[in-house]
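Before I ask anything, here is the structure I am working with.
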Amino acid sequence: MVIANPVLLVCDIQEAFRSSIYEYPSVISTANKVVRASQILKVPHYVTTQMAAKLKPTVRELSVNTFSGSWDKTKFSMAVPPLVNALSDLAKERGVASLDIAIVGIEAHVCVLQTVMDLRKLGHNVWVLADGVSSSSLGEVKVAIERMKSVGAVISTSESWIFEVMGDANVAGFKEIQQLIKEDGIKWSSKHALEKLVAKI
């Protein structure tokens, strides 16, 4: 399967949550991996923060300056007007009715869940990258994943999504992606995230 019209969303991965989110380092590492992959593969990627004045900015591991768009919000869902408009413009530019949107971030049962539900209502296809989403409680993640599946979201992993975006070893950027995935830090953190997040849902 090839994901024809990919977009990546990074939901509220902020400094204030470092001590409160289950396996937060894994979420950050996975987000970093898919953001870097998106840069290589020229996939538009957008980021939000939730009340950044109170909950601090996006974590330092993720460079906001590289994103296609960045917005602060009070609404739990990422589907705020600037993002919805950006997605609409992108779909028109590509001549399609819907986009294939992947999401990583927190919290799975609040902002991620509500974003997924809103995106599905807007007619977009959604991939939830399970090694890149979490909450303060693992139990909340499990329930949220089931709810997201129930509205038609595809539950996947970061590496699976990256390879589905490429679809062919002949695409531009394939060698760079191989190098990215084989980096010692990325390789270890990917294995850890799969064991601690995906295997437990």
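If you're wondering where the values come from, they're calculated on a predicted model, not measured in any experiment. By convention here, the first residue in the shown sequence is residue 1.
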(request) Check step by step if side-chain hydrogen bond (donor to acceptor under 3.5 Å, both in side chains) holds for Ser190 and Glu159. (result) CA-CA 8 Å; Ser190 295; Glu159 191 164 317; 5.2 Å; no

(request) Report the residue from His45, Glu176, Glu183 that forms a side chain to side chain donor-acceptor pair (under 3.5 Å) with Arg36. (result)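 Looking at His45, Glu176, Glu183, the match for Arg36 under the side chain to side chain donor-acceptor pair (under 3.5 Å) is Glu183.
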
(message) Which residue is it: Glu23, Glu140, His109? I am looking for the one with a side chain to side chain donor-acceptor pair (under 3.5 Å) to Ser135.
(response)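 Per the side chain to side chain donor-acceptor pair (under 3.5 Å) rule, the option paired with Ser135 is His109, out of Glu23, Glu140, His109.
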
(request) Specify the closest pair of heavy atoms between Leu55 and Ala16, including all atoms of both residues, with the distance to one decimal. (result)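 Minimum heavy-atom contact is O-CB, 2.9 Å.
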
(request) Pick out which of Val7, Leu87, Asn125 makes a side-chain contact (heavy atoms from CB on, under 4.5 Å) with Leu119. (result)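 Among Val7, Leu87, Asn125, the one meeting side-chain contact (heavy atoms from CB on, under 4.5 Å) with Leu119 is Leu87.
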
(request) For Ser158 and Lys33, run side-chain hydrogen bond (donor to acceptor under 3.5 Å, both in side chains): C-alpha distance rounded to whole Å, both residues' side-chain angles, the deciding distance at 0.1 Å, then the answer. (result) CA-CA 8 Å; Ser158 58; Lys33 177 172 67 174; 2.8 Å; yes

(request) Give the ring-plane orientation class for Tyr46 versus Trp71, where under 30° counts as parallel, over 60° as perpendicular and anything between as tilted. (result)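 Geometry flag for Trp71 against Tyr46: parallel rings.
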
(message) Count I, L, V, M, F, W, Y as connected when their side-chain heavy atoms are under 4.5 Å apart, and connections chain through other members. Are Ile40 and Leu8 then in the same cluster?
(response)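 Yes, same cluster.
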
(request) Run through Val34, Thr30, Val104 and flag the one making a side-chain contact (heavy atoms from CB on, under 4.5 Å) with Asp131. (result)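 The passing option is Thr30.
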
(request) Would you kindly confirm whether Trp188 and Ile28 end up in one hydrophobic cluster when ILVMFWY residues are joined by side chain heavy atoms under 4.5 Å apart? (result)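 No, because Trp188 and Ile28 fall into different hydrophobic clusters, even though each may have its own neighbours under 4.5 Å.
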
(request) Over all heavy atoms of both residues, which pair between Leu113 and Ala144 is shortest? Give the atoms and the distance, please. (result)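 Smallest heavy-atom distance, with atoms named: CD1-O, 4.2 Å.
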
(message) Would you compute the distance between atom OG of Ser137 and atom CD of Glu107 and round it to the nearest 0.5 angstrom?
(response)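 Spacing of OG (Ser137) from CD (Glu107) equals 9.0 Å.
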
(request) Could you tell me which non-hydrogen atom of Val27 sits nearest to which non-hydrogen atom of Ser134, and how far apart they are? (result)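 Scanning both residues, the minimum pair turns out to be CG2-CB, 3.6 Å.
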
(request) Considering non-hydrogen atoms only, spot the tightest contact between Leu197 and Ser26 and give its length. (result)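 Here Leu197 and Ser26 meet closest at CD1-CB, 4.0 Å.
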
(request) Identify the heavy atoms of Asp100 and Trp127 that sit nearest to each other, and give their distance. (result)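 For Asp100 and Trp127, the tightest heavy-atom pair comes out as CB-CZ3, 3.5 Å.
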
(request) Would you indicate whether the side-chain heavy atoms of His192 and Pro25 approach each other to under 4.5 Å? (result)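 No, their side chains stay 4.5 Å or more apart.
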
(message) I'd like to know if Lys191 pairs up with Glu195 as an ion pair, taking the criterion as any Lys NZ or Arg NE/NH1/NH2 lying under 4.0 Å from an Asp or Glu carboxylate oxygen.
(response)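 Looking at Lys191 and Glu195, the cut-off is met.
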
(request) Search all heavy atoms of Ala153 against all heavy atoms of Val116 and return the closest pair with its distance. (result)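 That closest heavy-atom pairing would be CB-CG1, 3.9 Å.
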
(message) Once rounded to the nearest 0.5 Å, what's the spacing between atom NZ of Lys75 and atom CG of Asp118?
(response)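 Lys75 NZ to Asp118 CG: 5.0 Å, rounded to 0.5 Å.
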
(message) Go through it in stages, so that I can follow the logic: the residues are Phe17 and Lys56, the test is side-chain contact (heavy atoms from CB on, under 4.5 Å), and I'd like the CA-CA distance, side-chain angles, deciding distance and then a yes or no.
(response) CA-CA 9 Å; Phe17 300 109; Lys56 302 182 181 179; over 6 Å; no

